[in-house]
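In what follows, residues are counted from 1 in the order of the sequence shown. Counting starts at 1 for both ligands and their atoms, following the listed order. All figures in this text were calculated on a predicted structure; none of them were measured in a lab.
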Amino acid sequence: MNVLLMLALATGMAAPRYQPAPENLEARRWFQDAKFGMFIHWGVYSVLGDGEWVMNNRKMTIAEYEKLAERFHPTEFDPAEWVALAKEAGMKYITITSKHHDGFAMWGTRQSKWNILDATPYKKDVLQLLAQECRRQGIKLFFYYSHLDWHHPDYYPRGRTGHASGRPDHGDWNRYLDYVDNQLRELLTGYGPVAGIWFDGLWDKPDADWRLEKTYRLIHALQPAALIGNNHHRRPFEGEDFQMFEKDLPGQNTTGFRAETAVSELPLETCDTINRSWGYNANDKRFKTTRELIQYLVRAAGYNANFLLNVGPMPNGKIQPEFVERLKEMGAWLRRYGESIYGTRGGPIPPRPWGVTTQKPGFVYVHVLDWPDEALAIPKIPGVRTAKLLASGEPLRITEIPGGMVLHLPASRPDPADTVVALEVAR
Ligand code: FHN
């Protein structure tokens, strides 16, 4: 416990507010510049090919569900291939499920036998393999960690989900929270530099005492640069370093998940799926097009947010071809237009139905996503020196009008997803 906190407890003063360490602030800047990450939902559930909620949805007992681990043997898992794919897609970080709601640890935790080393024939620590490969290829690694646990006996009283698992109707909540902290300690001490912890599942028991302050303090003490985010669907809590949205752009609530839509000053991230599933779902063929995915990435950047795009690898360890194809196409787009995304912040014109703006010192990028006409009237952007199409460098005409300016776009657009206009502006 730090001295200030001990003093606060002893004197009854309010606990000191969280002060991010300099390396944490630096990591936040890196995060905002990075813009695009790969989300990976992988666990023993992939064996059934019916998503990561299958235990709850099919009302499986723990005894039934544990049998899946005996069948989880991803002999074709190649971490170098996954990391290379993320890089080829233009992604700068990976966020992988270390433990999802089924409680299964994808690393060799010493806190229970419900883990990949002790419970599967595979017997390899995939998080360790991935962490090593990420370091080798220069990609940062975040760990997703579910507060909610359908398997642990001490996850009691139960929350909204996981009632058919056949656990006894008693348990020691504080012991469960100790288990969580012990697992996090393992992740933050045995896997090299961890870019952050991505929490989920608190919404299962929104009113419980999760001892978050203690958990967050532990994480920041072990790795001050590790960014904490929590998908609790509320405005950020004390001690969190970024704010996340799920299947929604910042401030929106089309999913109905959010209890609060407020957008904070913290770095922002939104996550989404390529089809409709997080964990591998063999029957889900409703793939978004590459154009839709690029537009979501661009919109997120215009909302000043990162985009964390999910893949749910198959039980053999491969990423399905429909995902690979789209990710490679996104990477090709980013190799062409990346300067208008990476290192930018939300631009001077707030998001509009036609598109968004991004900016970095000396440049504003106008992303025209959905505008059929050649003339596009926008609010005035001060200090514009030149305007060109980013795709070709072709100069574009701008005329000033009362209250704004008109961009004269070419009749035929160089890119079906996004016409990017680069405006050089006075610094
Ligand atoms: O229940 C989870 C779901 O399985 C998935 O992990 C997503 C990712 O954002 N989060 C939860 C729902 O809010």
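Here's the thing with Trp278: none of its N/O atoms is less than 3.5 angstrom from an N/O atom of ligand 1. Looking at Trp198 next to ligand 1, no N or O pair under 3.5 Å apart turns up.
With a 6.0 Å cutoff to the six-membered ring centre and a 45° limit on the axis angle, Lys92 counts as a cation-pi contact of Tyr342. Note that Lys247 lies in the cation-pi zone of Trp278, set by a 6.0 Å cut-off to the ring centre and a 45° limit from the axis. Within the cation-pi definition used here (under 6.0 Å to the ring centroid, within 45° of the axis), Lys35 does not qualify as a partner of Tyr93.
Neither the backbone nor the side chain of Asn310 comes within contact range of ligand 1; no heavy atom lies under 4.0 Å. Neither the backbone nor the side chain of Phe257 has any atom closer than 4.0 Å to an atom of ligand 1 (non-hydrogen atoms only).
Here is the list of ligand 1 atoms found below 4.0 Å of a heavy atom in Cys271: 9 (O). Atoms of ligand 1 found under 4.0 Å from any heavy atom of His100 (numbered from 1 in listed order, with element): 3 (C), 4 (O), 5 (C), 6 (O).
Residues Phe257 and Trp203 place their aromatic rings such that the two centres sit no closer than 6.0 Å.
Among all non-hydrogen protein atoms, the one lying nearest atom 11 (C) of ligand 1 is Asp200 OD2, 2.9 Å. Distance from atom 6 (O) of ligand 1 to its nearest protein heavy atom, with residue and atom name: His41 NE2, 2.7 Å.
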* Thr255/Asp248 under side-chain hydrogen bond (donor to acceptor under 3.5 Å, both in side chains): CA gap, chis, key distance, verdict -> CA-CA 7 Å; Thr255 55; Asp248 257 318; 3.2 Å; yes
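Residue-ligand proximity: Lys247 is placed with every non-hydrogen atom at 4.0 Å or more from ligand 1.
For Gln132, the side chain to side chain contact (heavy atoms under 4.5 Å, CB included) partners two or more places apart in sequence, or in a different chain, are Gln128, Leu129, Arg135.
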